[in-house]
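Input: a single structure, listed below in structure tokens.
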Amino acid sequence: MSCNEKIAIFPGSFDPFTTGHEFILRTGLNLFDKVIVGIGHNATKQGFFPLEKRIKWIEEIFSDEPKVSVVAYEGLTVDFAKKHNAQYILRGLRTASDFEYERAIAQMNKTLSNGLESVFLLTTPELTPVTSTIVRDIIRHGGDASIFIPKKLDKSEFCLANSVLGKK
Ligand code: ADP
């Protein structure tokens, strides 16, 4: 690692990773030397898609991009950033309420750490309404959410059968 390397973590649940996330991460790659996608999870609370699938999908989308790595983590985001020598937290903003929520977390994270800086990016207007929650709802009700899923992925993976619910 060079001393001046700018390292960011991009934390989230990515359940699943959408075109909105992809835009934020690709834009972040213009700003940072390395971006570590951190899939925050809780061992006692399962997501909609299994953690292993969520990791695999992001690795697949960025398989040609050596600046991206994907890691699952539990616990405080500031500890995750410290472990990976990151100086920045990358997050996206969609709405004004996102901003209020993110501002509080970013300021707390900065206080808890040694000046860890949060960087917020916007997507294009078409991508602003894309959320994992809506994508999950579409899938849960048998709809086709493929336009909200990054192009590189096999769309057949995004069905209820591949979710945690489908396995029950
Ligand atoms: P979390 O549950 O921590 O918000 P998400 O996986 O939902 O995790 O999102 C990760 C990050 O990506 C968040 O900063 C979120 O605001 C951002 N994001 C997700 N979708 C969009 C979008 N369509 N436009 C801008 N930012 C987005």
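Worth saying up front: this structure is predicted, and the values here are computed from it rather than measured. Whatever order the structure lists them in is the order used to number ligands and atoms, beginning at 1.
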Any N/O pair Gly12/ligand 1 closer than 3.5 Å: no
Shortest protein contact, atom 5 (P) of ligand 1 (heavy atom only): His21 NE2, 3.6 Å
Lys/Arg N to Asp/Glu carboxylate O, Glu52 vs Lys56, below 4.0 Å: no
Leu127 neighbourhood, listing ligand 1 atoms whose heavy-atom distance to it stays under 4.0 Å: 22 (C), 23 (N)
Sub-3.5 Å N/O-N/O distance, Ser13 and ligand 1: yes
Sub-4.0 Å heavy-atom contact, Phe10 with ligand 1: yes
Geometric N/O contact Gly20 with ligand 1, under 3.5 angstrom: no
Distance-minimising heavy-atom pair for Leu153 and Trp57: CD2-O, 3.6 Å
Atom 6 (O) of ligand 1 - nearest protein heavy atom and its distance: Phe14 N, 2.9 Å
Least distance between heavy atoms, Phe32 atom then Val119 atom: CZ-CG2, 4.0 Å
Backbone or side-chain N or O of Leu121 under 3.5 Å from ligand 1 N or O: no
Under 3.5 Å: N/O of Arg94 near N/O of ligand 1: yes
Heavy-atom pair of closest approach, residues Ala106 and Ser118: CB-OG, 3.4 Å
Lys82 with Asp79: basic N within carboxylate O range, under 4.0 Å: no
Options Arg54, Glu126, Arg91, ranked by nearest heavy atom to atom 13 (C) of ligand 1, top entry: Arg91
Asp15 and Arg136: CA distance, side-chain angles, deciding distance, side-chain contact (heavy atoms from CB on, under 4.5 Å) verdict: CA-CA 8 Å; Asp15 191 17; Arg136 287 196 301 272; 3.9 Å; yes
For ligand 1, the portion of Thr128 having any non-hydrogen atom under 4.0 Å away: backbone
Heavy-atom donor-acceptor pair, Gln87 side chain to Gly115 backbone, under 3.5 Å: no
Part of Asp15 with heavy atoms under 4.0 Å of ligand 1, whether side chain, backbone, both or neither: neither
Distance from atom 15 (C) of ligand 1 to nearest protein heavy atom, with residue and atom: Gly92 O, 3.8 Å
Nearest atoms (heavy-atom pairs only) where Gly38 meets Phe14: O-CE1, 3.7 Å
Closest contact, heavy atoms only, Tyr73 versus Thr77: OH-OG1, 2.9 Å
Polar atom proximity, Val130 to ligand 1 (N or O, under 3.5 Å): yes
